[in-house]
Structures are given as C-alpha cells and as structure tokens.
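See below for the structure under consideration.
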Protein chains: 2
Amino acid sequence: MDELDSAIVRELQADGRQSNRALAGKLGIAPSTCLERTRLLQRRGIIQGYRAEVSFKALNRSVQAMVFTQVRPLRRDVVTAFEQSVTRLPEVVSVYTMAGSDDFLVHVTAQDIDHLHAFLLDQFTNRREIIAFRTSIIYQHLTNPVLGPLPPAE
Amino acid sequence: MDELDSAIVRELQADGRQSNRALAGKLGIAPSTCLERTRLLQRRGIIQGYRAEVSFKALNRSVQAMVFTQVRPLRRDVVTAFEQSVTRLPEVVSVYTMAGSDDFLVHVTAQDIDHLHAFLLDQFTNRREIIAFRTSIIYQHLTNPVLGPLPPAE
DNA sequence: TCCGCCCGCCGAATTTGATTCGGCGCAACT
DNA sequence: AGTTGCGCCGAATCAAATTCGGCGGGCGGA
C-alpha cells in the first residue's frame with residue numbers, strides 16, 4: 001500500500017469506470033502495471049467492488065429519513081435478525097448498529113411523507129423487538145468524494 | 001424508466017464494472033441496446049456515477065463513529081459552511097443534514113479510538129458554531145446491496 | 001565492492017469489449 | 001390499410017483489457 005496504490009484507490013473512488021489506460025495515463029505508469037496494481041488491490045480486499053451511484057430523486061424517492069431505533073432484548077440473535085431483515089427492505093438504504101442510547105440508525109427513503117409514514121407503521125410499529133423509535137427527516141446527504149489517506153495525525 | 005431500466009440499475013448497483021456484454025446477456029438483450037439504455041440512464045441523471053467501494057479496515061480505519069452535532073445560529077451561511085468544510089475532512093465519510101434536535105449527523109472514521117478523540121478535539125471542540133456534539137461508536141454498517149424499485153405501497 | 005537474484009515495471013501482441021450505424025419490425029395514429 | 005416514429009438488433013470498426021517475455025534497479029550474499 002504505497003503512494004501509487006493510494007492514488008489508484010483515490011482515482012477509482014472518484015470514477016470507478018474510467019478505463020485502465022486513462023488511469024495509467026494520469027499516474028504516469030504503463031497500463032499493464034496499472035492493471036496489475038488494481039487487481040492486486042481487489043485481491044487484497046482493499047477495493048471491495050464497484051457500484052453505480054443512483055439518484056434517489058430520479059428513482060422517485062424524494063424523502064429520506066433517519067430512524068433512531070431501540071431494540072430489546074439486546075441479544076445476539078435479536079440484533080442480527082433485526083439487522084438482516086431491515087437491511088433487505090427496499091426502502092432501507094443502510095443500517096448502522098451503534099453504541100449509545102439508540103441501538104440502530106436506519107437510513108430510509110420513500111416517495112413522499114405519506115409513504116414514509118406508511119412504511120414506519122407497517123415495518124416498525126409492528127415489530128415486537130422494537131421498543132421505541134424516533135424519525136428525523138434528512139434535508140441533505142453529502143458524501144466525501146475522496147476517502148484518501150488519513151493525515152499523519154501525530 | 002421501465003422494468004428493463006430498473007434491472008439495469010439494479011445490476012450496475014451490484015457490480016458497476018461488469019461489461020456491457022455481460023449485462024446485456026443477463027437481461028437477454030443486444031449489447032448495443034443495453035449500451036444505449038445505460039447511457040440514457042446516465043444522461044437522465046439516474047445513474048450519477050460509478051465508485052470503487054473501499055474497505056475501511058484495509059485503509060487503516062478500524063473505528064467508525066457517528067457524531068450528532070448541534071450548530072448555532074442556524075443561518076444558511078453557517079449551515080452551508082459547516083457542511084462543506086466538514087465533508088472535506090479526510091476522516092469524514094458523509095454528513096447528514098437533518099430535522100430534529102440534532103442538526104447534523106457526521107459519519108467519521110479513524111485508525112483507532114485515540115485518533116478519533118484527537119480528531120474530535122481538533123475539529124469539533126474548536127469550532128465556534130458547534131454548541132454541542134455527542135459521539136456514538138458504530139459497531140457495524142450494513143448497506144442494502146440492491147436499491148431496486150419500491151414496492152407498490154397502495 | 002562485486003555478483004547474482006528477485007521483484008516490479010514495461011511494451012508489443014492478442015483477445016475481448018465498446019461503439020457506431022444502417023435496417024427491420026411493431027405499435028400508434030390517421 | 002397506410003404511414004410514421006421509436007426502439008431493438010447485429011455486423012463492422014475502433015479501443016481497451018489482458019497476457020507474457022524481457023529489462024533494470026535494489027538488495028543480500030560472497
């Protein structure tokens with residue numbers, strides 16, 4: 001994981017579909033070398049995959065919310081089952097399992113407020129293990145485009 | 001945005017780098033047709049881009065946390081400046097701007113607890129506009145691999 | 001210091017995929 | 001039933017990925 005590898009990762013985070021030649025050109029190395037490095041990064045698990053990034057609005061999901069959820073009992077089986085089943089719901093983008101007073105943050109999307117409400121009533125109110133949840137609308141979600149190397153941080 | 005477009009989006013979310021031919025094969029259409037569809041999805045802004053997914057652990061970021069942050073005054077310029085500058089910090093993965101008692105959720109990563117602590121002291125404690133923040137360690141972050149179409153939801 | 005080995009980079013050759021474009025068929029409207 | 005338009009297809013061309021033999025620099029041993 002030298003400087004060159006970091007640069008490759010950074011570039012592919014910005015554009016995961018740029019051609020190997022283009023990437024090699026930017027880095028000033030031969031395409032074959034670049035390909036070798038990139039494949040090694042995949043084999044080592046540093047690059048886990050490539051994903052298309054889709055627009056929620058274009059998919060008719062204008063509303064995003066974060067659902068702070070408390071679950072009891074906090075046993076392994078209950079926690080795992082909750083994570084797995086909730087992650088699979090189509091409205092759910094991701095689930096953060098956390099320390100603190102809320103056990104999970106569930107990032108959800110819906111067409112509009114009514115659908116969000118219906119979703120929560122159908123999927124959260126009914127569940128036995130959920131003892132409480134609070135919902136906050138997300139106005140905006142910004143993502144860091146470049147997860148480069150961390151600063152030295154002495 | 002018919003069923004075929006949805007299938008393309010779903011496939012490219014699962015693997016954003018599969019070849020056009022492979023994708024066309026799965027969907028049972030000609031590569032040229034598939035390419036046309038895919039490009040249209042990009043031009044329409046439904047597919048916004050492609051990103052390499054990187055392993056936090058491999059990048060030496062074993063600790064993830066969510067920082068619930070309150071900012072005052074809640075003026076547009078203060079909010080925007082906060083979002084922009086925080087999003088650019090290398091430790092920050094993403095920033096959710098929210099309704100509710102906490103104004104922002106900031107998803108951060110660090111090498112370890114000590115670095116997380118140092119980061120918060122350096123970047124959060126010092127800021128004038130931040131009047132309070134709470135930090136929760138993230139044990140696990142699961143993401144829905146397929147953001148397909150929403151259910152009919154009558 | 002010199003020699004030899006090893007690892008990683010390079011570039012040409014080959015294979016595979018992307019892209020273009022002319023034509024066909026279906027469906028809708030007249 | 002004729003006409004028009006749109007989307008799909010497939011062959012031809014162009015570009016990229018992939019493979020592989022060879023070169024060179026750095027390191028360890030003599």
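By convention in this document, chain letters (A, B, ...) are assigned in the order of the sequence lines, proteins followed by strands, and residues within each chain are numbered from 1. Source: prediction; values computed, not measured.
- Rounded to whole Å, atom P of C:dT19 lies 5 Å from atom CZ of B:R39.
- A:K26 NZ: more than 12 foreign heavy atoms inside a 6.0 Å radius.
- Across all their heavy atoms, B:T135 and B:L120 have their closest contact at OG1-CD1, 3.4 Å.
- If you take CE of A:M1 and P of C:dG8, they are 15 Å apart, rounded to a whole angstrom.
- For DNA chain D, the outermost nucleotides in 5' to 3' order that have an atom under 4.0 Å from a heavy atom of chain B are D:dC8 to D:dG10.
- Closest heavy-atom contact between A:L105 and A:F68: CD2-CD2, 3.1 Å.
- A salt bridge links B:E3 with B:R10; the closest basic N to acidic carboxylate O contact falls under 4.0 Å.
- C:dT19 atom P lies 15 Å from atom CG of B:L40, rounded to whole Å.
- As a whole-Å value, the separation of A:N20 CG from C:dC9 P is 13 Å.
- With the end axes of the helix from C:dT1-D:dA30 to C:dT30-D:dA1 each set by five pairs, the angle from one to the other reads 30° at 10° resolution.
- Taking the side chain as every heavy atom from C-beta outward, A:V79 and A:R76 never approach each other to under 4.5 Å.
- By the rule that hydrophobic residues join a cluster once side-chain heavy atoms approach within less than 4.5 Å of another member, A:V92 and A:I113 end up as members of one cluster.
- Counting only N and O atoms by type, the side chains of A:H117 and A:D114 include no donor and acceptor under 3.5 Å apart.
- Each of A:D2 and B:S19 has a nearest nucleotide on DNA chain C; the 5'-most of these lies closest to A:D2.
- Minimum heavy-atom separation, A:S55 to A:A58: OG-N, 3.0 Å.
- Residue A:R88 places its CZ atom among 12 or fewer non-hydrogen atoms of other residues, nucleotides or ligands, all under 6.0 Å distant.
- Atom CD in B:Q18 sits roughly 10 Å away from atom P in C:dA18 (whole-Å rounding).
- Between B:D5 and B:R44 a salt bridge is recorded (basic side-chain N to carboxylate O distance below 4.0 Å).
- A heavy atom closer than 4.0 Å to some atom of DNA chain C occurs in A:I29, A:A30, A:S32, A:T33, A:R37, these being the qualifying members of residues 26-37 of chain A.
- Residues B:Y96 and A:H107 place their aromatic rings such that the two centres sit under 6.0 Å apart.
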